[in-house]
Structure formats: structure tokens, C-alpha cells
Trainee: 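Following this message is one structure expressed as C-alpha cells.
Predicted, not measured: the structure shown is a model, and the values here were computed from it. Whatever order the structure lists ligands and atoms in, that order sets their numbers, starting from 1.
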Amino acid sequence: MCIYVIAAALLACVLPPSYGNPPTTMAQNKVLVSSKDFPESGLKVLQDNNFTVVQTQFLNFGEEGKTKNNEELLKLIPGSSALIWVSNLPLSTELLDKAGPQLKIVATASAGYNHCNVNELKSRGIKLSNTPNVLSPAVAEIAVSLVLAAARRFTENLDQVRRGEWEIGFDKVLGQDVRGSTFGIVGLGGIGQAVVRRLAGFEVGRFLYTGHREKPEGKELKAEFVALDELLAQSDFVVLAVPLTEETRHMINSTTLGKMKKNAILVNVGRGDLVDQDALYDALKNKQIYAAGLDVTTPEPLPKDHKLLSLSNLFVLPHVGSATVRTRSDMAVLAANNVVKVLNGEKLLTPVLD
Ligand code: DGY
């Protein structure tokens, strides 16, 4: 952080105004990056645009994010024109208050923006961008991983290997085939479409999808638009790839789980709160459905003694959908370019609020 601030200050002092932005413009263009792990590629975009880049020295995740970094951000944010929100933690009203009226944009380095205090940003006229699309391939790869892990009982199998007690035999630890099965995709957006494209090579029998409306991409992908109830009743695999909203919160609950097939496998790469986890626990424990694979839970991290983790027919990952080197870099560059657009008076590339 210090290097960027000092470099910007030195440049402002030694260069005549014609060699870069005059100090007043630079002050207007202070960009705060909320976590120390924001990729270099994103920082470079900001530096190349001559913004005063201020980056916290702490992580904006977990306990550090809630405590030390929160305090640090409250100190750093006054006077910022843009905030790059690198976190899954909620964006607080207190932080927005401290920023001052010149804050024009919050660019979240995530596709999901349920943690971004959208109504508050809207009421203050602050723009919000996210990073959709660039992460769809990586998240879809994790969805496919979860499909295979849950269908082929990776939790039980790994446990056997770790214990050194393998169940060996012709009919031991048998799983479910992907080949010939029916897949129900809840939300045929960028991620849902990428999941269908990847699964096409697995000789899937049918793809169904549901959402607010039929999509042209559905035809191209040979996926059939149906109501949620029909999708639940017919699918061998149900993949959740929708954002978390008031409408989708707990869309998978005891009622909807009751509509699923006994051999059904639920996969969630959206947000933990799409699923009522108590109801999921009961359905998995009572073998009302076959298995589940989750990349997202409530809370995150899931405590290691959480009852869900006692289930052998559940495979859980620690929210790593977009966690590849290339994808995180692409997300950083997109977030930074949204800031560039707004500070240059142009339209956002990927707007949530514009
Ligand atoms: C997102 O971008 O919303 C992902 O869940 C982060 O991994």
C-alpha cells in the first residue's frame, strides 16, 4: 500500500501538471482496495490509469476481515472515489458513511452481490458492479466435480482410504451414473449454461432448467424449460446456480426436498442460504434423497462439528468455485476496469447498479 501512496505523492510533487494528473484530480481518484490478496493484475489496471491506489495490509476475510481490517478500512476510506470490495463479508453502512460523498462506485470482486448492501448503495446513488461471466467456467468445473463426488460417494471412499479399511467387493460402495440421467439446472445463467456445456460430454439423458423465463440459450443447449416442481420431480441431479435473493432464499426446503426423487443428488454452487440446511440434513440422514455436493454453506466456514459434516452422503468444499489463478486474476481485472469506466465518466462493463 505504502509504496503506491508514496509513489503517487512523489510524482505529484516532482512532475509538472502536464506529466500526469494534477494533485486535485489524483485526490479525487483515490481507489481503496479492501483486501491484501487482490491480484497484481487488477492493481496494474488501476496504476496504469494513474489512480491513487490504497490497499489494506490485511485480509478482508474471516476474523481478520471482521476485526483488524475493518478498523483499517474505516481509517483508509475517507476521500475515496472507488472501493474495490474483495470479500464475502457484508459491506457496512458505517464504511460508506466514512467514505464521504465523493464515493462513486463499489466494485465487488465477485459475481454474487447479496453481501453488498445494495439498497443502501442505491439510496446514496453509488454505482455497483460485479464480476459475472469470467468465473462461469471455473464455477461450472466445481459443479461438475461435486456432481461426480456426490454420485460416486467420495466422502465415504476417502474416509475408507484414510482409515485404511477398504470395503472391497463387487457390490460395495456403488454409486449413481451420470450417463443417461436427467439433470435439472436451477438458473440457466452464465454458470448454469457452462455446467450444461461441460456435462454434455457425459452422455446425459436430458437437461431441464427452470428460472423466470425461457431462454434462447436453452434451445441451443437442448435443455427443456419447466416449472420448478416438474424439475424436482423428474431430475436425478438438481444443480443450483442462482443468485441469493429474497425469492430464492431457502428455495430448497422440506417441501421442495419432498418433491425430489429418492435417488436425487443436490448440488449447490450458488449461496448457502438457497438451502434450508436443517431440512437438507434430515433428507440426507433419512435417505429421502441420495446425496448432496455443496461448495457453499451457511455459515462459512462451516464449524467442524456441524451436523452436516457427520453425513457420509454429503461432499462439501470450502467455497472454491472461482478459486483458480486465472479466474481470480480475470475477476480482479474486471473489477478494476469497472472502476476505470466510472471514474472516466463511462458506463459500467458489468453493472448491478448504474
Ligand atoms: C462469486 O463470485 O460470487 C463466487 O461465489 C465467489 O467465489
Trainee: Does the side chain of Asp276 pick up a donor-acceptor pair with the side chain of Ser254 at under 3.5 Å?
Mentor: no
Trainee: Looking only at the side chains, is there a donor atom on one of Asn130 and Thr108 sitting less than 3.5 Å from an acceptor on the other?
Mentor: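 Side-chain D/A pair, Asn130 to Thr108: absent.
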Trainee: Given a heavy-atom cut-off of 4.0 Å, could you list the residues near ligand 1 in chain and number order?
Mentor: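 Contacts of ligand 1 under 4.0 Å: Ser110, Ala111, Gly112, Leu135, Arg271, His319, Ser322, Arg328, Met331.
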Trainee: When the ring planes of Phe183 and Phe207 are compared, do they come out parallel, tilted or perpendicular, using 30° and 60° as the limits?
Mentor: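 Geometry flag for Phe207 against Phe183: tilted rings.
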Trainee: Working note: Lys104 + Ile126, criterion side-chain contact (heavy atoms from CB on, under 4.5 Å); need CA distance, chi angles, decisive distance, verdict.
Mentor: CA-CA 5 Å; Lys104 293 190 182 64; Ile126 298 170; over 6 Å; no
Trainee: Roughly how far apart are Met331 CE and Thr324 OG1, rounded to 0.5 Å?
Mentor: 9.0 Å
Trainee: Run the ring pair (Phe, Tyr, Trp, His ring centres under 6.0 Å) test against Phe225 and tell me which residues pass, sequence neighbours left out.
Mentor: Tyr209
